[in-house]
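Comments concern the structure below.
The first residue in the sequence is number 1, and the count goes up from there.
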Amino acid sequence: MTLTQIGMEYRASAEPLRRRLRELRIALKAAEDPEEIWHLKRRIAELTPMLTQCNALAALCIHYYERGYYRDEAYTL
């Protein structure tokens with residue numbers, strides 16, 4: 001498996017996270033119970049870094065061998 005293929009897998013795995021976050025944000029707008037709002041905000045806070053990391057790793061893997069591509073220091077040695 002090449003890094004480009006791995007990057008595409010990261011992109012594909014980010015899509016369900018993106019959809020779920022969209023659903024949670026819609027539910028948060030409609031929620032009125034303070035406890036439910038707290039749980040929704042907590043879940044959004046847990047999933048957002050996962051989506052950010054999937055997107056960053058996808059970009060890194062897809063563009064890894066391109067000249068001049070700026071790599072994030074978090075994922076380089």
Discussion item. What I'd like to find out is whether the side chain of Arg43 reaches to under 4.5 Å of the side chain of His39, using heavy atoms alone.
Written reply: no

Worksheet item: In chain order, what residues pass the side chain to side chain donor-acceptor pair (under 3.5 Å) check against Arg11, with sequence neighbours excluded?
Response: none

Worksheet entry | Where Ser13 and Cys54 come nearest, the two heavy atoms and their spacing | OG-SG, 3.8 Å

Worksheet item: Hey, any chance Leu57 and Leu51 share a hydrophobic cluster, counting ILVMFWY side chains that come within less than 4.5 Å of each other, even indirectly?
Response: no

Worksheet item: What are the two closest heavy atoms between Ala31 and Leu40, and how far apart are they?
Response: CB-CD1, 4.0 Å

Worksheet item: What are the two closest non-hydrogen atoms of Ala14 and Asn55, and how far apart are they?
Response: CB-OD1, 3.8 Å

Discussion item. Quick one, Arg19 with Glu23, criterion salt bridge (charged side-chain N to carboxylate O under 4.0 Å, His left out). Give me CA distance, side-chain angles, the key distance, then yes/no.
Written reply: CA-CA 6 Å; Arg19 274 194 308 263; Glu23 291 169 1; 5.8 Å; no

Discussion item. So, taking the atom named OG1 in Thr2 and the one named CE in Met8, what distance separates them when rounded to the nearest 0.5 Å?
Written reply: 10.0 Å

Practice prompt. With rounding to the nearest 0.5 Å, note down the distance linking CD1 in Ile6 to OH in Tyr64.
Written response: 11.5 Å

Worksheet item: Can you hop from Met1 to Tyr10 via hydrophobic side chains spaced under 4.5 Å?
Response: yes

Discussion item. Counting only heavy atoms not in Glu35 (residues, nucleotides, ligands), do more than 12 fall under 6.0 Å from its CD?
Written reply: no

Worksheet item: Is there a path of hydrophobic side-chain contacts, each under 4.5 Å between heavy atoms of I, L, V, M, F, W or Y residues, that connects Tyr65 with Leu60?
Response: yes

Discussion item. A side-chain contact here means heavy atoms from C-beta on lying under 4.5 Å apart; do Gln5 and Glu9 qualify?
Written reply: no

Fill in: 4.5 Å side-chain heavy-atom contact, Met50 and Leu21
no

Practice prompt. Give a yes or no answer on whether the side chain of Thr48 reaches the backbone of Ala45 with a donor-acceptor pair at less than 3.5 Å.
Written response: no

Discussion item. Please report the interatomic distance CD1(Ile44) to CG(Leu28), rounded to the nearest 0.5 Å.
Written reply: 5.0 Å

